[in-house]
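Taking it in order: structure first as C-alpha cells, then the write-up.
Throughout, a chain's letter reflects where its sequence line sits, starting with A, and its residues are numbered from 1.
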Amino acid sequence: MPELPEVETVRRGLNTVVGRRIVSATVGRDRVVRRTSAQTLIDGVTGVEITAVQRRGKYLVIHTTGDQRVMIHLRMSGQVLITAADSAPPAHTHVRMTLDDRREIRFVDPRTFGEVVAYRVRDEPEVVPELIRLGPDPLVDGIATKYVVAAFAGRRRRLKDALLDQSVIAGIGNIYGDEICHAARISPLRPVGSVNRRGVVRLTDAIHRVLADAVAAGGSTLGDAQYVGVDGAAGTFQNHHRVYGRTGLRCRTCGRGLIRRTVVSQRSTHHCPVCQR
DNA sequence: AACTGTCCCTGCAAGC
DNA sequence: TGCTTGCAGGGACAGT
C-alpha cells in the first residue's frame, strides 16, 4: 500500500520525465479524475513541459510550464508506470500521458480508489484542500521532537491514531505506523499524552530511520496490492517488516513476544507486547 | 477532542 | 468443479 516510502520511490522514478513535453493524454475512466473532468486533465497537460515532480506526504504533484499542476494519489492500489508509448497497456490503465520521447506515463489502478487531478495553481485551495492541511513531511521537513511533544500534550488518542493523522505528520500509513511504533518500542495503543519526552525522542528517531530505510529499499511490496516503482520493480522493505503482517509470529527484536494483532480505527495494528510498552 | 461509520472497488477466499 | 457471496484493504471525511 503506497505510503511515504513508496510514493517517494515513484517520485524519484518520475525525475526521468522532468524536461519532457506531454504531447497527448487520454483518460479511460472518468472515476479517477472525479474532482474535475477527463477533459480538464487532457486540456491541462497536453502540450506542456514537466518542470518538477514534488511529493508532500502521500501526494505527488507534477509541476508544468502551463498554469496547471497535476496531483496524483495512489491510495491502495494505484501505480504510476513509465513505459514505451507503444507497449500494450496493462488492465486498469486509466490515464496515459504520452511524452515527446516515445515514452508514456501511465496511471494504473484496479480498485480506482486513487485519483489524478489537474488544477490551476490558484485553485489549489478549492480543488485539493487536503494539501494545505498536511502536517510536516518527515523527509522534506523533518519532524522535530518539540513539535511532537506539543502535538501530544494532554491528548488521549492512541499513538497509532496520531501517526495515521496526516495533519500531524504527513506520509505515514498503516504499515509504517506499526513499524515506527515498534522501532520506538512504544505500544501503538498508548495514549499519546502518556508518552514522555524520552519516548518522543525515540519516536521521532524511529520515524526518520524507518522511513529512510524503507525509501532505500524502494518501499514495501505486499502480496495483493502489488505496489511497484515506475519501472515495474517491486520494493524489498517487506522483508524487513518486524511487526506488520506477522501476527502470532515471534518478535524479531526481543525474541520473546508473539506479535499481537489488534484493531485501531478499523485498521489492523501489530505490535509486540513484550518490547513495546 | 475523540470517536464511529461510510464510501470508494476489485480480487480473492470461503461456502454452497 | 463452478458458481455465488462476503469481505479485506487504506485514506479521507462527514457525522455524533
Give the nucleotide from the list [options] with an atom nearest to the side chain of [X].
X: Phe113(A); options: dA2(B), dA12(C), dC8(B); value: dC8(B)
X: Arg155(A); options: dT10(B), dC8(B), dA2(B); value: dA2(B)
X: Glu130(A); options: dA12(C), dG9(C), dA2(B); value: dA12(C)
X: Gln166(A); options: dC3(B), dA2(B), dA12(C); value: dA12(C)

Calculate the interatomic distance between [X] atom [atom1] and [N] atom [atom2]; express it in whole Å.
X: Ile132(A); N: dA12(C); atom1: CD1; atom2: C1'; value: 16 Å
X: Gln238(A); N: dG9(C); atom1: CD; atom2: P; value: 17 Å
X: Glu115(A); N: dA12(C); atom1: CD; atom2: P; value: 10 Å
X: Tyr244(A); N: dG10(C); atom1: OH; atom2: P; value: 4 Å
X: Arg75(A); N: dC7(B); atom1: CZ; atom2: P; value: 15 Å
X: Lys58(A); N: dG10(C); atom1: NZ; atom2: P; value: 10 Å
X: Gln79(A); N: dG10(C); atom1: CD; atom2: C1'; value: 16 Å
X: Leu164(A); N: dC13(C); atom1: CG; atom2: P; value: 15 Å

Report yes if at least one side-chain N or O of [X] is closer than 4.0 Å to OP1 or OP2 of [N]; otherwise report no.
X: Tyr59(A); N: dA12(C); value: yes
X: Arg35(A); N: dC8(B); value: no
X: Arg111(A); N: dG9(C); value: no

Check the angle between the aromatic planes of His240(A) and Phe237(A) and answer parallel, tilted or perpendicular using the 30° and 60° thresholds. tilted
Only residue of Arg69(A), Arg35(A), Arg133(A) satisfying salt bridge (charged side-chain N to carboxylate O under 4.0 Å, His left out) with Glu124(A) is Arg69(A)
| message | Could you check whether any side-chain N or O of Ser187(A) sits under 3.5 Å from a backbone N or O of Gln276(A), counting only pairs where one atom can act as donor and the other as acceptor? | response | no
ask   = Quick one: are Ile50(A) and Ile105(A) in side-chain contact, heavy atoms under 4.5 Å?
value = yes
Whichever of His92(A) and Arg34(A) has the more 5' nearest nucleotide on DNA chain B, that residue is Arg34(A)
In this structure, SG of Cys272(A) is separated from CZ of Arg246(A) (nearest 0.5 Å) by 10.0 Å
